[in-house]
Asker: 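Before I ask anything, let me first share the structure, which is written out below as C-alpha cells.
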Amino acid sequence: MKSFTYERVGTVAEAIDATKRTPHARFIAGGTNLLDLMKLEIETPRHLIDVSRLSLDRIEPSTDGGIRIGAMVRNADLAADARVRRDYGVLARALLSGASGQLRNKATTAGNLLQRTRCPYFYDTYQACNKRVPGSGCSALSGVSRQHAIVGGSQSCIATQPSDMAVAMRILDASIETARSDGTTRKIPIADFYRLPGATPHVETNLERNELITAVSLPAPVGGLHVYHKVRDRASYAFALVSVAAIVHPDGRGKMALGGVAPMPWRVEAAEEHMVRGAAPVTAGVLEGAVTTEQNAFKFSLVERTLAGILSEARGSTK
C-alpha cells in the first residue's frame, strides 16, 4: 500500500473543502471496498477524507410519502428498518443477499452504490484492464468470461456491476442526492447515475470530481409482491451470476431489473409491458442485443428461468 494522509471531517462543507485543498483525495466511510483496492495498489489516493462521522446516518420520511436514506446508513440497519421491510421489501431482500453480516454492519449506502467491479482481471495487476489502467486493453475479452456482462459491454470492458442494493434501487426509481464542490446540491435519478463503459470504462458514474453523495431518496411505495432472487455459485458471500429484482402486481403487471448481466443495474422499461405474457417475452426484450460467449451464454436462459419463478410465485401469492 502506498503512503497517504488522512483527516476526519465533521460536516459536508468540511468534506468538500478538504477535497479542494488536497489533490487526488478520496472520501472513505466503511472502507469495505476502497481499503482492499488500496492494499493491491489499484486505488492509490494520496489523501483520505473520513466522512463516517457526518450526520447522514438516518432514515427519514419525505414530504412526498417516500423515505430519505442518509449516505452513512449501514447496510444492516437499512435492511432491518421496519419501514423498508414493510414498504420496500425488494430493497431489504437485496441487501440481505449481499456480502456477509460483518460487511453489512460496516458498509454504507453510498459506498454500496460506488463499489467497483469484482472482475478478476481488474483485481490482477498483471493483467490488462482498461478500467484499472485506461488504454491497456481488456484481458476478459479473450479470457474467462463466465461471470461477465452479456449486455451493455463494449470492446473496452465487459465487467459487471456488483451491487445487489443498486439493482433494487433501480426498480424503486431512487434518486441520489449530492453536494457539489461549488456549494450547490443536486438529485441524480439512478437511471442516470451509472455509465456504460464505452471507450472510457474507468469512468463509472456521472458524479463530478469532489462530489459527495449525501442521501438516497425513494418515492412513495408501490404495492405488489417484492422479490429479489440472486443466483450464485454458493449460498453466501458470492456475487451474482444473475439476479432479478421485481415488483409484481396480482394482474401480472410489474417492473424488473437485472444484476450480474451488465456494467450497471440493467432495466429496460419497455420490456416490462410484456410481464403479463410471461418470462420469455420479457427476457427477450430486456436482453435484446445480448453478446454472449460460450462461457456465459447460459445467463440468457438463467434470467428467463429466474423471472419465470418470480412470476409463478406472484401468481401463487394471489390465490
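In what follows, residues are counted from 1 in the order of the sequence shown.
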Asker: Given N75, which of D164, N112, T109, T32 fulfils the side-chain hydrogen bond (donor to acceptor under 3.5 Å, both in side chains) condition?
Answerer: N112
Asker: Identify each donor-acceptor pair in which a side-chain atom of residues 51-61 lies under 3.5 Å from a protein atom, sequence neighbours left out, and give them as a table.
Answerer:
{"residue": "S52", "atom": "OG", "partner": "D50", "partner atom": "OD1", "Å": "2.6"}
{"residue": "R58", "atom": "NE", "partner": "E60", "partner atom": "OE2", "Å": "3.3"}

Asker: Evaluate whether atom CD of Q147 has more than 12 neighbouring non-hydrogen atoms of other residues, nucleotides or ligands under 6.0 angstrom away.
Answerer: no
Asker: Does a sphere of radius 6.0 Å around CD in E14 hold more than 12 heavy atoms from other residues, nucleotides or ligands, not counting ones at 6.0 Å or beyond?
Answerer: yes
Asker: How close do A199 and S156 get, counting heavy atoms only, and between which atoms?
Answerer: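 So the minimum-distance heavy-atom pair works out to CA-OG, 3.7 Å.
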Asker: To the nearest 0.5 angstrom, please state how far the OG atom of S163 sits from the OH atom of Y194.
Answerer: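 These two atoms lie 5.0 Å from each other.
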Asker: Closer than 4.0 angstrom, basic N to acidic O: yes or no for R21 and E7?
Answerer: yes
Asker: Under 3.5 Å, is there a donor-acceptor pair linking the side chains of T306 and H229?
Answerer: no
Asker: Hey, quick one: are Y6 and L35 part of the same hydrophobic cluster, counting side-chain heavy atoms closer than 4.5 Å, chains of contacts allowed?
Answerer: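 Yes; tracing contacts between hydrophobic side chains, which count when under 4.5 Å, links both residues.
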Asker: Under the side-chain contact (heavy atoms from CB on, under 4.5 Å) rule, what do V167 and Y228 come out as? Steps first, then yes or no, please.
Answerer: CA-CA 9 Å; V167 182; Y228 187 78; 4.2 Å; yes
Asker: Using atom types as modelled and distance alone, determine if a side-chain donor or acceptor of T19 lies under 3.5 Å from a backbone N or O of I16.
Answerer: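 Yes, because the side chain of T19 sits within donor-acceptor range (under 3.5 Å) of the backbone of I16.
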Asker: How long is the span from the CD1 atom in I42 to the OG1 atom in T125, to the nearest 0.5 Å?
Answerer: 6.5 Å
Asker: Return the OG1 to CZ distance between T22 and R46, rounded to the nearest 0.5 Å.
Answerer: 10.5 Å
Asker: Less than 4.5 Å apart, any side-chain heavy atom of T292 and any of F298?
Answerer: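 Side-chain contact under 4.5 Å: no.
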Asker: Could you go through F122 and L37, starting from their C-alpha distance and side-chain angles, then the distance that decides it, and tell me whether this counts as side-chain contact (heavy atoms from CB on, under 4.5 Å)?
Answerer: CA-CA 10 Å; F122 173 72; L37 295 175; 3.8 Å; yes
Asker: In Å and rounded to the nearest 0.5 Å, what is the CD to CZ distance from E294 to R146?
Answerer: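 Result: 13.5 Å between the selected atoms.
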Asker: Within a reach of under 6.0 Å around CZ of R180, are more than 12 heavy atoms found that belong to other residues, nucleotides or ligands?
Answerer: yes
Asker: With sequence neighbours excluded, give me every salt bridge (charged side-chain N to carboxylate O under 4.0 Å, His left out) pair touching residues 109-136.
Answerer: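 Listed once each, the pairs are E43-R116, R116-E204, K131-E204.
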Asker: Measure from the side-chain N and O atoms of N130 to the backbone N and O of G137, and report whether any donor-acceptor pair falls under 3.5 Å.
Answerer: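 It does hold such a pair.
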Asker: Closest heavy-atom contact between A240 and S243?
Answerer: CB-CB, 4.0 Å
Asker: Flag the pair S217 / K187 as yes when at least one side-chain heavy-atom distance between them is below 4.5 Å, and no otherwise.
Answerer: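 Side-chain contact under 4.5 Å: yes.
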Asker: Between M169 and I69, is the side-chain contact (heavy atoms from CB on, under 4.5 Å) condition met? List the steps.
Answerer: CA-CA 12 Å; M169 292 287 195; I69 304 161; 4.2 Å; yes
Asker: Looking only at heavy atoms, what is the nearest atom pair of A80 and R85, with distance?
Answerer: O-CD, 3.6 Å
Asker: Could you tell me whether the side chain of T200 and the main chain of V203 form a donor-acceptor pair under 3.5 Å?
Answerer: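 Answer holds: no.
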Asker: Find out whether S181 and E211 are in side-chain contact, i.e. whether some heavy atom of one side chain is under 4.5 Å from a heavy atom of the other.
Answerer: no
Asker: Can you list, pair by pair, the side-chain donor-acceptor contacts under 3.5 Å of residues 267-276, counting residues two or more places apart and other chains?
Answerer:
{"residue": "R267", "atom": "NE", "partner": "E272", "partner atom": "OE2", "Å": "2.7"}
{"residue": "R267", "atom": "NH1", "partner": "R170", "partner atom": "O", "Å": "3.2"}
{"residue": "R267", "atom": "NH1", "partner": "D173", "partner atom": "OD1", "Å": "3.0"}
{"residue": "R267", "atom": "NH2", "partner": "E272", "partner atom": "OE1", "Å": "3.2"}
{"residue": "E272", "atom": "OE2", "partner": "M256", "partner atom": "N", "Å": "3.2"}
{"residue": "H274", "atom": "ND1", "partner": "R277", "partner atom": "NH1", "Å": "2.8"}

Asker: Using atom types as modelled, flag every donor-acceptor pair under 3.5 Å from a side chain in residues 89-99 to any protein atom, sequence neighbours excluded.
Answerer:
{"residue": "R93", "atom": "NH1", "partner": "G89", "partner atom": "O", "Å": "3.2"}
{"residue": "S97", "atom": "OG", "partner": "A94", "partner atom": "O", "Å": "2.8"}

Asker: Any side-chain heavy-atom pair from L34 and L48 closer than 4.5 angstrom?
Answerer: yes
Asker: Counting C-beta onward and ignoring hydrogens, is there a side-chain heavy-atom pair between T160 and M264 closer than 4.5 Å?
Answerer: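 Not touching, per the 4.5 Å side-chain cut-off.
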Asker: Using every non-hydrogen atom in the two residues, find where S145 and A140 come nearest and quote the distance to one decimal.
Answerer: CB-O, 4.3 Å
Asker: Using a 4.5 Å cut-off between side-chain heavy atoms of Ile, Leu, Val, Met, Phe, Trp and Tyr, which other residues end up in the same hydrophobic cluster as L103?
Answerer: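 Listed partners: Y237.
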Asker: Quick check on the hydrophobic clustering: are V12 and V216 connected, directly or via other members, by side-chain heavy-atom contacts under 4.5 Å?
Answerer: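 As far as the 4.5 Å side-chain criterion goes, V216 and V12 are not connected within one cluster.
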Asker: With a 4.0 Å cut-off, would you call D182 and K20 a salt bridge?
Answerer: no
Asker: With the 4.5 Å side-chain cut-off for hydrophobic clustering, are I49 and M38 part of the same group?
Answerer: no
Asker: So Y121 and V144, do their side chains get closer than 4.5 Å, heavy atoms only?
Answerer: yes
Asker: Apart from L141 itself, what residues make up its hydrophobic cluster, given side-chain heavy atom links below 4.5 Å?
Answerer: I158
Asker: Can any side-chain N or O of T108 pair as donor or acceptor with the backbone N or O of A29 at less than 3.5 Å?
Answerer: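 No, the answer is negative, given that no donor and acceptor are paired below the 3.5 Å cut-off.
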Asker: Donor-acceptor pair, T178 side chain versus I213 backbone, under 3.5 Å?
Answerer: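 Checking the backbone N and O of I213 against the side chain of T178, no donor-acceptor pair under 3.5 Å is found.
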Asker: Grouping I, L, V, M, F, W and Y whenever their side-chain heavy atoms are under 4.5 Å apart, do L207 and F27 come out in a common cluster?
Answerer: no
Asker: Is there side-chain contact between I247 and L172, with heavy atoms separated by less than 4.5 Å?
Answerer: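 The answer is yes; the side chains approach within 4.5 Å.
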Asker: Minimum heavy-atom separation for Q161 to P265, with atom names?
Answerer: OE1-CD, 4.4 Å
Asker: Roughly how far apart are D87 CG and H226 NE2, rounded to 0.5 Å?
Answerer: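 Rounded to the nearest 0.5 Å, the CG-NE2 separation comes to 8.0 Å.
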Asker: Report the distance from atom CD1 of I150 to atom CG of L287, rounding to the nearest 0.5 Å.
Answerer: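 Spacing of CD1 (I150) from CG (L287) equals 5.0 Å.
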Asker: Looking at every heavy atom in both P263 and A149, which two are closest together, and how far apart are they?
Answerer: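 P263 and A149 have their closest heavy atoms at CD-CB, 4.2 Å.
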Asker: Under a plain distance cut-off of 3.5 Å, with no hydrogens placed, do E177 and T214 share a side-chain donor-acceptor pair?
Answerer: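 There is no such pair (donor and acceptor under 3.5 Å, judged by atom type) between the side chains of T214 and E177.
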Asker: Tell me whether E288 contacts the main-chain N or O of A284 through its side chain, where contact means a donor paired with an acceptor under 3.5 Å.
Answerer: no
Asker: Under 4.5 Å between side-chain heavy atoms, hopping through other hydrophobics if needed: is there a path connecting I188 to L212?
Answerer: no
Asker: So, S136 side chain and V133 main chain: donor-acceptor pair closer than 3.5 Å or not?
Answerer: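 It does hold such a pair.
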Asker: Spell out, as yes or no, whether a donor-acceptor pair under 3.5 Å connects the side chain of W266 to the backbone of G259.
Answerer: no
Asker: Using only atom types and a distance under 3.5 Å, with no angle test, would you say the side chain of E304 pairs donor to acceptor with the backbone of A279?
Answerer: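 No, because the side chain of E304 does not come within donor-acceptor range (under 3.5 Å) of the backbone of A279.
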Asker: Might you work through the side-chain contact (heavy atoms from CB on, under 4.5 Å) test for E313 and V227, ending with a clear yes or no?
Answerer: CA-CA 9 Å; E313 182 179 343; V227 184; 4.2 Å; yes
Asker: Measuring only between side-chain heavy atoms, which start at C-beta, is S154 closer than 4.5 Å to P197?
Answerer: yes
Asker: Verify, without hydrogens or angle tests, whether K255 (side chain) and I171 (backbone) share a donor-acceptor contact under 3.5 angstrom.
Answerer: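 Pair found, side chain donor or acceptor close to backbone of I171.
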